[in-house]
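Side-chain atoms are counted along with the backbone in the values below, which use heavy atoms only and exclude waters and symmetry mates. Naming: A, B, ... by sequence-line order, numbering from 1 per chain.
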Amino acid sequence: MLNAKCAQADLHNALQIVGRGVSGRSTQPVQNNVYLQAEGEQLRLVATDLEYISLDAAIPAVVIDEGNITVPPRTLTEIAGNLPEGQVSLQADESNDLAIACGPVHYNIRGLSADDFQMLPPLTDGVEFSLPQSELSEILQQTIFATSPDETRPILTGALFSLAEGSLAIVATDTYRLALRRVQCPVEETQQAIVSRRVLAELVRILDDESDEPVQVAISTNQVRFVVAGITVRSRLIEGEFPNYEKVIPEDFDKTLTIGTEGLQQVLRRALIVARDDANRVVLRSTEDGLQVTADSPDIGHAEEEVPATLEGEVVEIAFNVQYLLEMLEVANSEEVVMQLSGPLNPGMLIPAGRDDYTYVLMPMQIM
Amino acid sequence: MVARQIIHIDMDAFFAAIEQRDNPQLRGKPVIVGGDPDGRGVVSSASYEARQYGVKSAMPCGQARRRCPPAVFLRVNMDKYKQVSAQVMQILGEYTPLVEQVSVDEAFLDVTGSRQLFGTAEQIATEIRWRIKQQVELNASVGVAPNKFVAKMASEKAKPDGLVVIEAEEVEDFLGDLPVTQLWGVGGSTARRLHKLGIDTVGQLRQYPQEMLVEHFGKQGRHLYRLARGQDDSPVQPEGERKSVSHETTFAQDTADPEVLRATLLELSEQVGRRLRAHNLLGRTITLKLRFADFTTITRSETRAEPMAADEQIYTTAASLLEKIKLGRRKVRLIGVGVGNFGQSGQLSLWDTSDGKRPPVDQSIDELRERFGPDSIKRARLIDE
């Protein structure tokens, strides 16, 4: 029978992270619970939907008796969050009740036997490497927004991790735009994996932007695993073949615009108010010393503004989905962006000025 | 305002009747059009002979076979039915541009302005029935009334192969004996609450003053008050003016069960998808509507870059909208799905369809194959070869 003591803050933090792995939709009640296991000098917490995500945290604990139990995550998280600071005692009994005590506070909550709790099978034969937390966080934020929300094409709801020749490329696309981020990665093997956006979004929540502590990454043929700060995020890979992304990255341009990121964001946000009514369409036209942004809607009206820009090459007239532009600008992490274009119906490219590791390709809209 | 003249046309046992028309050996026999009786398919259409055995549409085919062992089971041949439907709609369009096709076998006509050219609504209805018999060799049941609601009730009454005309002054008498459950938007729970008040028929409902109904049923009270009097202002909307296609349903019992909500959503998504495809429409905005037990109503919508008509796309989008709503302890009384924002956005794609995205129609075909077997649907090019 599980009997252990741990710090209230540790328990609450771990539950807040792990609890998000529960889908709440399983037909087996035990799978909607969080699994607790006391072993060695740790309390381990696991939640999984058995489909795409498994979250696993280990916190320091004084283990009196080893054992395990499962309990409803919401109840336990709420209790942990409201307990006074200090040591919490957790004690399971034969009828699968969990007694929680902290100072004068006592709870007895109904759990379920851990015997039937299923976990994702262990990851074996994976390619392993590591990346600093801050860097992985930036990479993911710069790509996963371009995944598709269309669940009828599961492949595009995830990001591709492609390892080859000592470099890792992370790619996401919804077929209208594509975000590609490259990073050096001292690994010999070649490996491809498509990881669900939901899992990567959870990982971004866990990662610390400020920390350079390494995240251990392992990729096998059917699973991916990230380990950081005592937390293990695992996921089954999305099966299928990712579209050939290299083929759609354009190489020839006859116009290059350099624009201040923040100024462009402000102009586009204002244009969005009108563009929203016309499928988010904004038209960009080059002027003497800038770029004119317009949006038109038969029902709402007209918006027009100019943003300073330097243009090399031909005159520009092209329409884009303003939301697609804004989503990239938010994560460009650069004072200026460079927009490279050719014809009004050809793909355009947006990159942070002075960086060659981040590429955003987007298809225009027809000017109507 | 001039009293309106609305016609509701409902084809009798449409799919089954077409099959009987095209194959004389099936005439007079129970015919069931639908999915595989050995699989999990459902009845799409049952001939009147089959209905005598208690077979109804949407019943699992296995159950239909148990009820009606002599029945001939046929698979859905939607292309054929759509062609026949187009012939019927063409006839209707000759009498007025105000034709609202509700589904493949059902339409409303507003013939208020057609009198000078074609005679009274009753004359037009009679002529339409005769022409459908002559030209398409099928039976239609037709209702004529001052509004859509009563016209639909009238065509129901006319089934099979009949015509029922309800004049403005006859509306109240006509509705009086109908059970309240037949009224639009009255589901099981409202019916039970009405029953507790001693109201079972529309006539009894009419005895209640509006204030009392509002007191008991909130906003819905006004709706009930109007329906009990056969009042309905909703216009006949021809296709071109339609802004969205939606379906909604009121639960027999208010529910907070996510499984029930999702299952209902799937059913509604399929209905919306079928109607979109029947009218060759594609929409980019999916709207989810929820009405709670206290009658507060919320809507949530999502707009995609590319139009969609596949059931699964509609369902997954609506389901993800549902997931984002914090239900808490609130129980849901009504759920609805709509698709709007028709037409292309002009957003270009990085891959052409040959190696990129599957067109939605393929997905529908996939689903048909999954439900009715791999041969249930084929490309025209592959037939007869």
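For the residue pair A:T175 and B:S349, the shortest heavy atom distance occurs at O-OG, 3.2 Å. Nearest heavy-atom pair across B:Q347 and A:P364 is NE2-O, 3.6 Å. The heavy-atom pair separating B:W351 from A:N244 by the smallest distance is NE1-O, 3.5 Å. Heavy-atom minimum distance, A:V248 versus B:L350: CG1-O, 3.5 Å. Between B:L348 and A:M363, the closest heavy-atom pair is O-CB, 3.2 Å.
For A:L362, no part lies near chain B; criterion is any non-hydrogen pair under 4.5 Å. Looking at A:T27, there are no atoms closer than 4.5 Å to chain B (heavy atoms on both sides), in backbone or side chain. Of the atoms belonging to A:Y324, it is side-chain heavy atoms, and not backbone ones, that fall under 4.5 Å from chain B.
Annotation: the span from A:R153 atom CZ to B:E312 atom CD amounts to 12.5 Å, rounded to 0.5 Å.
Summarising the local packing, NZ of A:K255 is surrounded by more than 12 heavy atoms from other residues, nucleotides or ligands at distances under 6.0 Å. Atom CD of B:E267 has 12 or fewer heavy atoms from other residues, nucleotides or ligands within 6.0 Å.
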